[in-house]
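Notes for the one structure printed next.
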Amino acid sequence: MTTKAEKGMSTRLTRGRPAASGARRGGVVGARRERAATGDARAVKVADVQPNPDNPQGRSQPDEAMVNSVREVGVIQDLVLVPVEQWLAAHPGREHELTDAPYVVLTGHRRLAAAVLAERDEVPARIREDFDATTLDSVVLHENLHRLALTPVEEARAYERIMQRHGLSQRQLAKHTGVSQPQISKKLKLLGLPSG
């Protein structure tokens with residue numbers, strides 16, 4: 001026989017438990033939408049992936065330790081890719097900068113380069129088809145800001161490129177990237193300084 005205390009304990013344990021995936025919160029349709037937004041992880045052929053032309057040069061070179069790690073155990077963290085058609089829709093007139101590979105890297109340039117050097121045939125990846133044009137550019141910026149520190153001038157050029165491409169003000173860019181508007185302003189002033 002179950003006591004009142006045990007019944008209360010059972011209610012507390014089940015009440016806070018998250019619903020099963022796709023259950024009661026949109027059902028199968030909700031679960032499919034969620035998978036489309038996050039992109040299902042899958043193996044993608046290295047030959048089907050090309051670097052993003054907007055990734056700063058020199059930011060895609062893996063060190064020897066990374067290449068050896070990928071050679072031994074493969075790429076552990078998923079790359080994030082977008083179909084080439086989606087990238088071109090957000091960057092019209094830049095077809096000449098791309099190859100015939102069907103996907104463009106948003107995050108994982110160094111992992112892709114390490115996989116090439118380690119002679120891997122496939123990499124784990126998530127294909128994202130839900131990003132708007134501004135988000136496509138910001139994801140690359142965020143990846144570089146947090147993975148490998150950009151130089152102040154590289155950071156300024158990235159801000160300028162996104163603002164010009166999407167007609168954003170400094171304030172709008174700050175809201176979109178999570179970087180303060182005064183910080184963006186300070187970096188952009190570097191572009192006006194004489195070089196040398």
Side-chain angles (χ1 to χ4, degrees), residues 36-39 41-63 66-67 70 75 77-170 172-174 176-179 183-184 187-188 190-192 195:
T38 59
R42 60 179 141 171
V44 175
K45 292 182 180 186
V46 169
D48 287 344
V49 183
Q50 59 185 303
N52 190 324
D54 286 337
N55 195 53
Q57 289 190 1
R59 296 289 168 186
S60 301
Q61 300 307 315
D63 58 27
M66 184 176 191
V67 175
V70 169
V75 175
Q77 185 178 1
D78 300 342
L79 282 70
V80 177
L81 313 174
V82 292
V84 71
E85 299 83 11
Q86 184 180 359
W87 193 89
L88 284 171
H91 304 88
R94 297 182 64 191
E95 296 84 2
H96 63 283
E97 298 179 52
L98 299 177
T99 68
D100 292 336
Y103 299 109
V104 176
V105 176
L106 285 188
T107 68
H109 292 85
R110 291 177 68 234
R111 284 169 270 156
L112 175 63
V116 170
L117 292 171
E119 300 179 347
R120 288 281 178 164
D121 294 328
E122 296 180 331
V123 289
R126 293 182 180 276
I127 313 299
R128 296 296 299 258
E129 298 180 26
D130 59 319
F131 288 149
D132 62 26
T134 307
T135 304
L136 288 178
D137 287 338
S138 325
V139 168
V140 176
L141 173 63
H142 280 285
E143 172 81 351
N144 284 300
L145 283 173
H146 299 293
R147 294 285 174 143
L148 287 174
L150 293 173
T151 67
V153 172
E154 287 173 331
E155 187 177 342
R157 286 187 183 131
Y159 292 146
E160 181 182 54
R161 182 175 58 246
I162 294 171
M163 288 172 60
Q164 288 176 349
R165 189 173 289 156
H166 303 290
L168 300 177
S169 67
Q170 289 182 19
Q172 290 169 320
L173 181 63
H176 195 73
T177 61
V179 177
Q183 179 71 13
I184 291 171
K187 297 289 188 202
L188 290 172
L190 296 173
L191 299 180
S195 58

What pairs of donor and acceptor atoms, side-chain ones from residues 113-125 against any protein atom, are under 3.5 angstrom apart with sequence neighbours left out?
residue : atom : partner : partner atom : Å
R120    : NE   : V70     : O            : 3.1
R120    : NH2  : V70     : O            : 3.2
R120    : NH2  : R71     : O            : 3.1

Check your understanding: Knowing that exactly one of V84, I127, V82, L79 qualifies, which makes a side-chain contact (heavy atoms from CB on, under 4.5 Å) with Y103?
Key -> I127
Exercise for review: For residues T107 and R111, report the shortest heavy-atom separation together with the two atoms involved.
Suggested key: C-NH2, 3.9 Å
Exercise for review: Would you please name every residue forming a side chain to side chain contact (heavy atoms under 4.5 Å, CB included) with L191, sequence neighbours left out?
Suggested key: V153, A156, R157, E160, L188
Check your understanding: From Q61 CD over to H109 NE2, what is the distance, rounded to the nearest 0.5 angstrom?
Key -> 11.5 Å
Study note, to complete from the structure: What one should report as the nearest heavy-atom pair of K45 and V49 is O-CG2, 3.6 Å
**Study point:** Reported CG-to-CZ distance for the pair L106 and R128, which is rounded to 0.5 angstrom
**Key:** 9.0 Å
Check your understanding: Does E85 have any side-chain hydrogen bond (donor to acceptor under 3.5 Å, both in side chains) partners at least two apart in sequence or in another chain, and if so, which?
Key -> none
Point to revise | Inter-residue atom distance R126.CZ - D78.CG, 0.5 Å rounding | key: 5.0 Å
Review point. Considering all heavy atoms of both residues, which atom of N52 and which atom of V104 are nearest to each other, and what is their separation?
Key: CA-CG1, 3.7 Å
**Study point:** Closest approach of V67 to P62 (non-hydrogen atoms, all atoms of both residues)
**Key:** CG2-CG, 3.8 Å
Revision key, fill the gap. Sorted by chain and number, sequence neighbours left out, side-chain hydrogen bond (donor to acceptor under 3.5 Å, both in side chains) with E97 holds for R94
Check your understanding: Counting only heavy atoms not in D100, do more than 12 sit closer than 6.0 Å to its CG atom?
Key -> no
